[in-house]
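Just so you know, ligand 1 is whichever comes first in the structure, and atom 1 is the first atom listed for that ligand. On a predicted model such as this, the values are computed, not experimentally measured, just so you know.
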Amino acid sequence: MDKGCENINTDLAQLSDLLHNSKYAVVLTGAGMSTESGVPDFRSKEGWWNKINPATVASTSALEHNYDLFRDFYQYRIKALSQCKPNTGHKILAEWEAKGLIKCVITQNVDGFHKAAGSKNVYELHGSINSIRCDSCGKETDVQNFMDNADCPVCKGKLRPGVVLFGESLPEDAWSKAIEEIRKADLIIVIGSSLTVSPVNHLPFITKGKKVLINLDNTDLDSEFDLIIHGKAADTLNKLNGIMKTD
Ligand code: NAD
C-alpha cells in the first residue's frame with residue numbers, strides 16, 4: 001500500500017470513530033457535493049465563475065436590469081440539472097440520517113439533490129432552483145412557465161428561481177435552524193465547499209464540537225479543522241460507508 005493510500009485509510013478510520021462516538025453530527029454541503037452528479041461547481045477549474053462573472057447573471061442587479069441574460073443563465077442551469085441526479089454520496093447521507101448517525105444536512109446547494117436522495121432534515125440556505133416564483137407578487141408557479149419565457153400569470157411580473165441571488169439575504173427560517181443545529185452539534189462534517197461564500201463559511205466555527213472537512217482542493221480555512229480529507233465527496237463517503245459497516 002502506498003503512503004497516500006495509508007494516510008487516507010487512517011483518516012477515514014478516524015472519521016468513522018468520530019461519527020460512531022458523536023451524539024449530534026451535522027453535515028454542511030457545498031457545490032462539490034454535486035460535481036460527481038455532473039453539476040459544475042462555481043470555483044473549481046471547471047466551475048461557472050471561471051467562465052462568467054456572477055455579478056452579471058446571478059444578482060439582483062441582473063434580475064432588475066439584465067433580465068434576458070439572467071433568465072437565459074437560469075434556464076440553462078435548470079435544463080442541465082434535469083439531466084443529472086443525486087449521486088451515491090447524497091444517498092449515503094440520507095441513509096445515515098435514517099440510521100440516526102447524522103441529524104441533518106445544511107446545504108448551500110440549490111439543486112434539491114439531498115431531498116431527492118431521501119434526506120428529510122435539509123436546510124437549503126441558498127434556496128432551490130426548481131421553485132419558481134414571481135419577483136413582484138411572490139406567487140409560486142410551474143418551472144415550465146419560467147422555461148417558456150412566460151410572465152407571472154397573476155400580475156405579469158418577472159419570474160425567477162427561488163435561489164438566493166448576490167445582493168439578497170438568506171432565508172431566515174433555514175438560517176436560524178442551521179445555527180441552532182450547529183450549536184447542538186458535537187461533530188460537523190463539511191463536504192465540497194470552498195468556504196468562500198459568507199455568511200455560510202462562518203457556520204462550521206460556531207460549533208464547540210469536532211470539525212471535519214472533505215474537499216477536493218485546499219481552502220483558506222483548512223487549518224481551522226480537526227481533520228481534513230482531500231478527496232471526492234461521493235467516493236470518500238462510499239469508502240467511509242464501507243468502513244462504518246464493517247466496524
Ligand atoms: P464552490 O464552487 O465555491 O467550491 C466548491 C468546492 O468543492 C471547491 O473547493 C472544490 O475543490 C470542491 N469540489 C469540487 N468537486 C468536488 C468533489 N467531487 N468532492 C469534493 N469536493 C469537491 O462551492 P460552494 O463553496 O458551495 O460555493 C457556494 C455557492 O455555489 C453557493 O452559493 C451555491 O448555491 C452555489 N452552487 C450550487 C450548485 C448546486 O446546487 N449543485 C452548483 C454550483 C454552485
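Interface of Glu36 with ligand 1, defined as ligand atoms under 4.0 Å from a residue heavy atom, comprises 17 (C), 18 (N), 19 (N). Distances below 4.0 Å separate heavy atoms of Asp217 from the following atoms of ligand 1: 10 (C), 11 (O). Those atoms of ligand 1 with a heavy atom of Val39 less than 4.0 angstrom away are 41 (N). The contact set between ligand 1 and Gly192, taken as ligand atoms under 4.0 Å from a residue heavy atom, comprises 5 (C), 6 (C), 7 (O), 21 (N). Ligand-side atoms of ligand 1 in range of Gly30: 26 (O), range being under 4.0 angstrom from any heavy atom. In the vicinity of Val197, heavy-atom distances shorter than 4.0 Å reach the ligand 1 atoms 27 (O), 28 (C).
Around the NZ atom of Lys99, the shell of radius 6.0 Å holds more than 12 heavy atoms that belong to other residues, nucleotides or ligands. The environment of Lys211 atom NZ is dense: over 12 non-hydrogen atoms of other residues, nucleotides or ligands sit within 6.0 angstrom. Around the NZ atom of Lys158, the shell of radius 6.0 Å holds more than 12 heavy atoms that belong to other residues, nucleotides or ligands.
Using a 4.0 Å cut-off between a side-chain N of Lys or Arg and a carboxylate O of Asp or Glu, Glu180 and Arg183 do not qualify as a salt bridge. Electrostatic pairing of Lys23 and Asp186 does not count as a salt bridge here, judged by no charged N lying under 4.0 Å from a carboxylate O.
At least one N or O atom of Ala233 sits closer than 3.5 Å to an N or O atom of ligand 1. In terms of polar-atom proximity, Ala31 is counted as a contact of ligand 1, with an N or O under 3.5 Å from an N or O of the ligand. Between Leu216 and ligand 1, at least one N/O pair is under 3.5 Å apart. Close N/O approach between Ser193 and ligand 1 is found [any backbone or side-chain N/O within under 3.5 Å]. The shortest N/O to N/O separation between Phe42 and ligand 1 falls below 3.5 Å. Any N or O atom pair closer than 3.5 Å counts here, and Arg77 shares no such pair with ligand 1. Residue contacts with ligand 1: Val110 is placed with a nitrogen or oxygen under 3.5 Å of a nitrogen or oxygen of the ligand (distance criterion only).
Of the residues His114, His90, Gln108, the one that meets the side chain to side chain donor-acceptor pair (under 3.5 Å) test with Thr29 is His114. Among Asp222, Asp217, Ile8, Leu213, the one residue that satisfies the side-chain contact (heavy atoms from CB on, under 4.5 Å) test with His230 is Asp222.
The minimum heavy-atom distance linking Ser193 with Gly30 is given by the pair CB-CA, 4.1 Å.
Proximity of Gly231 to ligand 1 is established by a heavy-atom distance of less than 4.0 Å. Contact annotation: Thr219 has no heavy atom less than 4.0 Å from any atom of ligand 1. In this structure, Pro40 has a heavy atom closer than 4.0 Å to ligand 1.
Side-chain contact check for Thr88 and Asn238: no donor-acceptor pair (N or O, by modelled atom type) lies under 3.5 Å. Side chains of Thr10 and Asn7: a donor-acceptor N/O pair is absent below 3.5 angstrom, by distance only.
Taking each of Ser37, Ser194, Ser34 in turn, the one with a heavy atom nearest to atom 6 (C) of ligand 1 proves to be Ser194. Distances from atom 18 (N) of ligand 1 to the heavy atoms of Asp111, Ile129, Thr35, Asn109 show the closest one on Thr35. Closest heavy-atom approach to atom 8 (C) of ligand 1 within the set Asn87, Thr236, Leu237, Asn215: this belongs to Asn215.
Counting heavy atoms under 4.0 Å from ligand 1, residue His126 touches it through the side chain alone.
Summarising the geometry, atom CZ belonging to Phe70 is positioned 9.5 Å from atom OG1 belonging to Thr60; distances are rounded to the nearest 0.5 Å. Atom CH2 of residue Trp96 and atom NZ of residue Lys91 lie 15.5 Å apart, to the nearest 0.5 angstrom.
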